Participant: 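Please read through the structure below; I'll follow up with questions.
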Amino acid sequence: MRELTAEEPAPRAAAVKGLGRVGRWAAEYGDVVAGVGAAVIGMAGDTDAPVRAAVADALGWLGPLGGDDAGAVVVTLMGDTDTRVRRRASLAAERLALTGPDVTAAFRRLLDDADWHLRLNGLLGLRDRGEDAEPAVLVRLLGDADPYVWGPARAALYASLSRRPVLDEVKRAARHGHGLARARALEMLPERHVRELRDSLLDGLRDACPEVREVAAGLLAGGLRGPADALLSPLGLSGAVDSLFSAMRRYGAAESLLPVLRPSATADALLAALEAETDADVAARLLGVLGRWGDVRAVPAAVRWLDHPDAAAGAVLALADIGTPTAVRSVRAVIVSTAGPDLGPGLGHPYVRATAATAYGRLAPPDATETLLPLLRDPDQRVRAGAVDGLRRLGERGLPSRERDAVGAALLELLTSDEPTLWHTGNALSEYPETLPAVRRLIDHPSGEVRATVLRLLDEDDDTDVALLLAHLHDPSEPARYQALWGIDRYVATYGQLPEAAATDATDAIGATDVADMADTTDATAAAPGPTRSP
């Protein structure tokens, strides 16, 4: 109490905080703490902000001991000129569970505060009092830069989106909003309302905010193709046209003819937006849409974006989806572009080359095998993994016997020499079942990771393989035990019982296997905590 009159603000603030903590003594030492509330309230007009912040903090802790005027003082401090004071006062209002029109109005004012902590506290304060912010305010907060603010604002809008005024406000923001608020409003709208906004989406492709352009491109990809598709879809012909169109692209139809055969006003708008785009993320989204639609006019733009590190992978995938001879040659050029003075498309970036390698396997041109096999010796692990994934795609599509033998031999060599790509190699070998006898011979390999990959590839319908799975339930390597157990699990899922070879000791081994790390943890996963007030 004596320190309340100190000349320096720090001792005064510390004294006020200390008085707030002694509220815990009230039940046992009421005579000692008598007058504490009045003393703290008396400091609310101090000229130094740290002292006023301490007053708000102390009143929140004192509770009833603060007196009848404590609530009014806290509400007044919620409008203080200093951010720290407003923060502490908003928390004190929560601790005291203050209610009433003045409290609600104070929390509404915080929604316009320059400090994001206070905007968040304003949202949560209104929610806890059963009050809703105005839809226009929530939409404005939807464009907040801080996720701790726009996340709760979006949740509040979702909760009341069935109300007509709220839906109208979100639709207005989707049509005429600015920046992130417009982008997030577009993402919020149900599909039936998005279909009403085609003109706004096309206009959004020219918005100054990259996020709006990206969202607009993604929503336009949801089937809004224009007059040609609008006529074909009701007739059930769009799927057949898609197949014909893909075949024409693959087998070399004149590329200049293809856009004429399938016009689309939406595709025209997206292509024009792509030509003018400068943001890599937006360009990648536009390329993805045009690529999935097979628009051959996007090939030149995709080739240009191959040299941008943030859009190159998207450009590769778009070229692969378009699949014309020119596009396929561009994908191959990315694959063979390595570090050196004369960098080709993609600038030799490993991730881009890996993406191109996988895509090349999916495209399966005649030279795919001879292009991908040398990449298994690439110094970068990402490129090797991409090449393995490409070879897996080739295995899915079928290959001539001589090429299958070459790929199988290369993958078997990789299985024992390149541990970082083991997962990819195992997936690829599963598409080459003729390699299984050679894979079985590696069951006693010194590496536990290799043994685990072998066990993953074994056939649960083969009695010999089932015996190997049972035997390796005791493997010293945890990954190997894991794969052995899941192999037995596949057997039980198929036949409804343990294999006959599972005698009592084998059954006991299954029961003794430590499966703590293998168990499904879905039910044990805690829900993500909601937003908390900022001190």
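Just so it is clear, the structure is predicted and the values come from calculations on it, not from any experiment.
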Participant: Taking all non-hydrogen atoms of both residues into account, name the closest pair between L290 and A267 and its distance.
Facilitator: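 What the structure gives for the nearest pair is CD2-O, 4.0 Å.
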Participant: Any carboxylate oxygen within less than 4.0 angstrom of a Lys/Arg side-chain nitrogen, looking at R490 and D459?
Facilitator: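 No salt bridge links R490 with D459.
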Participant: Would a distance-only check, ignoring hydrogens and angles, find a side-chain to backbone donor-acceptor pair under 3.5 Å from D367 to E370?
Facilitator: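 Absent.
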Participant: Under the 3.5 angstrom rule, does the side chain of R481 hit a backbone N or O of P476 as a donor-acceptor pair?
Facilitator: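 Judged by distance alone, yes, a pair lies under 3.5 Å.
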Participant: Please give me the minimum heavy-atom distance between A183 and V215, naming the atom from each residue.
Facilitator: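 Closest approach of A183 to V215: O-CG1, 3.9 Å.
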Participant: Please enumerate all residues that pass side-chain hydrogen bond (donor to acceptor under 3.5 Å, both in side chains) together with D115, with sequence neighbours excluded.
Facilitator: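 With sequence neighbours excluded, D115 shows a side-chain hydrogen bond (donor to acceptor under 3.5 Å, both in side chains) to R87, H117, given in chain and number order.
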Participant: What's the shortest heavy-atom distance between G323 and L363, and which atoms?
Facilitator: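 Shortest heavy-atom separation between G323 and L363 comes out as CA-CD2, 4.3 Å.
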Participant: Give me the atom names and distance for the closest heavy-atom approach of R451 to P446.
Facilitator: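 Looks like NH1-O, 3.2 Å.
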Participant: Sub-3.5 Å donor-acceptor pair from the side chain of R175 to the main-chain atoms of S200, do we have one?
Facilitator: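 Not at all, since once roles are kept as given, no pair shorter than 3.5 Å links the two residues.
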Participant: Between R184 and E187, does any NZ, NE, NH1 or NH2 come within less than 4.0 Å of an OD or OE carboxylate oxygen?
Facilitator: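 Looking at E187 and R184, the cut-off is not met.
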Participant: Could you report the tightest heavy-atom contact between L271 and R297, atom names first, then the distance?
Facilitator: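 The answer is CD2-CB, 3.5 Å.
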Participant: Can you measure from CG (L457) to CD1 (I443) and round to the nearest 0.5 angstrom?
Facilitator: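 Here the interatomic distance stands at 10.0 Å.
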Participant: Decide yes or no on side-chain hydrogen bond (donor to acceptor under 3.5 Å, both in side chains) for Y482 and D475, but give the supporting numbers first.
Facilitator: CA-CA 9 Å; Y482 180 98; D475 196 286; over 6 Å; no
Participant: Does R362 pair with D321 as a salt bridge, N-O distance under 4.0 Å?
Facilitator: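 Salt bridge present between R362 and D321.
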Participant: When you measure from the side chain of T358 to the backbone of G386, do you find a donor-acceptor pair of N or O atoms at a distance under 3.5 Å?
Facilitator: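 Yes, the answer is positive, given that a donor and an acceptor are paired below the 3.5 Å cut-off.
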Participant: Is the backbone of A364 close enough, under 3.5 Å, to the side chain of R393 for a donor and an acceptor to pair up by distance?
Facilitator: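 Between the backbone of A364 and the side chain of R393 there is no qualifying donor-acceptor contact (under 3.5 Å).
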Participant: Any side-chain heavy atom of V296 within less than 4.5 Å of one from T326?
Facilitator: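 Sidechains of T326 and V296: no contact.
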Participant: Do T266 and R198 pair up side chain to side chain, a donor and an acceptor below 3.5 Å, judged on atom types alone?
Facilitator: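 The answer is yes; a qualifying pair exists.
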Participant: Does a salt bridge link D380 with R353, judged by any charged N lying under 4.0 Å from a carboxylate O?
Facilitator: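 Result for this pair is no, no salt bridge flagged.
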Participant: Test side-chain contact (heavy atoms from CB on, under 4.5 Å) on L376 and L391; report intermediate values, then the result.
Facilitator: CA-CA 10 Å; L376 300 182; L391 293 171; 4.0 Å; yes
Participant: From T416 OG1 over to E449 CD, what is the distance, rounded to the nearest 0.5 angstrom?
Facilitator: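 Atom-to-atom, T416:OG1 and E449:CD are 14.0 Å apart.
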Participant: Taking the side chain as C-beta and beyond, is there a heavy-atom pair between V282 and E211 under 4.5 Å?
Facilitator: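 The answer is no; the side chains never approach within 4.5 Å.
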Participant: Apply salt bridge (charged side-chain N to carboxylate O under 4.0 Å, His left out) to E275 and list each qualifying residue two or more places apart in sequence or on a separate chain.
Facilitator: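 Expected list: R304.
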Participant: Does the side chain of V328 come within less than 4.5 Å of Y360's, by heavy atoms?
Facilitator: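 When only atoms from C-beta onward are counted, V328 and Y360 do touch, with a gap below 4.5 Å.
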Participant: Measure the CG-NE2 distance between D307 and H349 for me, rounded to the nearest 0.5 Å.
Facilitator: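 Those atoms lie 12.5 Å apart.
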Participant: Any idea how Y491 and Y495 line up, ring-wise: parallel (<30°), tilted (30 to 60°), or perpendicular (>60°)?
Facilitator: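 Aromatic pair Y491/Y495 classed tilted.
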Participant: Would you check, one step at a time, whether the test side-chain contact (heavy atoms from CB on, under 4.5 Å) holds for V299 with V303?
Facilitator: CA-CA 6 Å; V299 170; V303 172; 4.3 Å; yes
Participant: Check whether any side-chain N or O of T421 sits under 3.5 Å from a backbone N or O of H424 as a donor-acceptor pair, and report yes or no.
Facilitator: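 No; zero donor-acceptor contacts below 3.5 Å.
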Participant: Please report the C-alpha distance between T371 and R332 in whole Å, then the side-chain angles of each, then the deciding distance to 0.1 Å, and finally whether the side-chain contact (heavy atoms from CB on, under 4.5 Å) criterion is met.
Facilitator: CA-CA 8 Å; T371 300; R332 188 182 187 282; 3.3 Å; yes
Participant: What pairs of residues pass the salt bridge (Lys or Arg N to Asp or Glu O under 4.0 Å) test when at least one of them lies in residues 415-433, not counting sequence neighbours?
Facilitator: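 Pairs touching residues 415-433 that pass the test: R384-D418.
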Participant: Would you indicate whether the side-chain heavy atoms of L138 and L142 approach each other to under 4.5 Å?
Facilitator: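 Heavy-atom side-chain distance check fails, nothing below 4.5 Å.
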Participant: With a 4.5 Å cut-off on side-chain heavy atoms, are R292 and V289 touching?
Facilitator: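 Side chain of V289 against side chain of R292, heavy atoms only: contact under 4.5 Å found.
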Participant: Quick one: closest heavy-atom pair of N427 and R392, and the distance?
Facilitator: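 For N427 and R392, the tightest heavy-atom pair comes out as O-CD, 3.6 Å.
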Participant: Side chain of R182, backbone of A174: donor and acceptor closer than 3.5 Å?
Facilitator: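 Yes, R182 side chain to A174 backbone: donor-acceptor pair under 3.5 Å.
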Participant: Are I322 and D295 packed together at the side-chain level, in the sense that at least one heavy-atom pair is separated by less than 4.5 angstrom?
Facilitator: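 Heavy-atom side-chain distance check fails, nothing below 4.5 Å.
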Participant: Does any non-hydrogen side-chain atom of V212 lie less than 4.5 Å from one of L180?
Facilitator: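 With C-beta onward as the side chain, the pair stays apart.
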Participant: Looking at CZ of R154 and CE of M188, how far apart are the two atoms once the value is rounded to the nearest 0.5 Å?
Facilitator: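 These two atoms lie 7.5 Å from each other.
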Participant: Let me see the working for V466 and L458 under side-chain contact (heavy atoms from CB on, under 4.5 Å), right down to the final yes or no.
Facilitator: CA-CA 8 Å; V466 171; L458 294 181; over 6 Å; no
Participant: At what distance, to the nearest 0.5 angstrom, does CG of D465 lie from CG of L470?
Facilitator: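 The CG atom of D465 sits 11.0 Å away from the CG atom of L470.
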Participant: From L412 CG over to T435 OG1, what is the distance, rounded to the nearest 0.5 angstrom?
Facilitator: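 Going from CG on L412 over to OG1 on T435, the span is 5.0 Å.
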Participant: Here's one to test your reading of the geometry: is the NZ or CZ of R456 within 45 degrees of the ring axis of W423 and under 6.0 Å from its centre?
Facilitator: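 Cation-pi check for R456 and W423: passes.
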Participant: Taking the side chain as C-beta and beyond, is there a heavy-atom pair between L394 and Y432 under 4.5 Å?
Facilitator: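 Touching, per the 4.5 Å side-chain cut-off.
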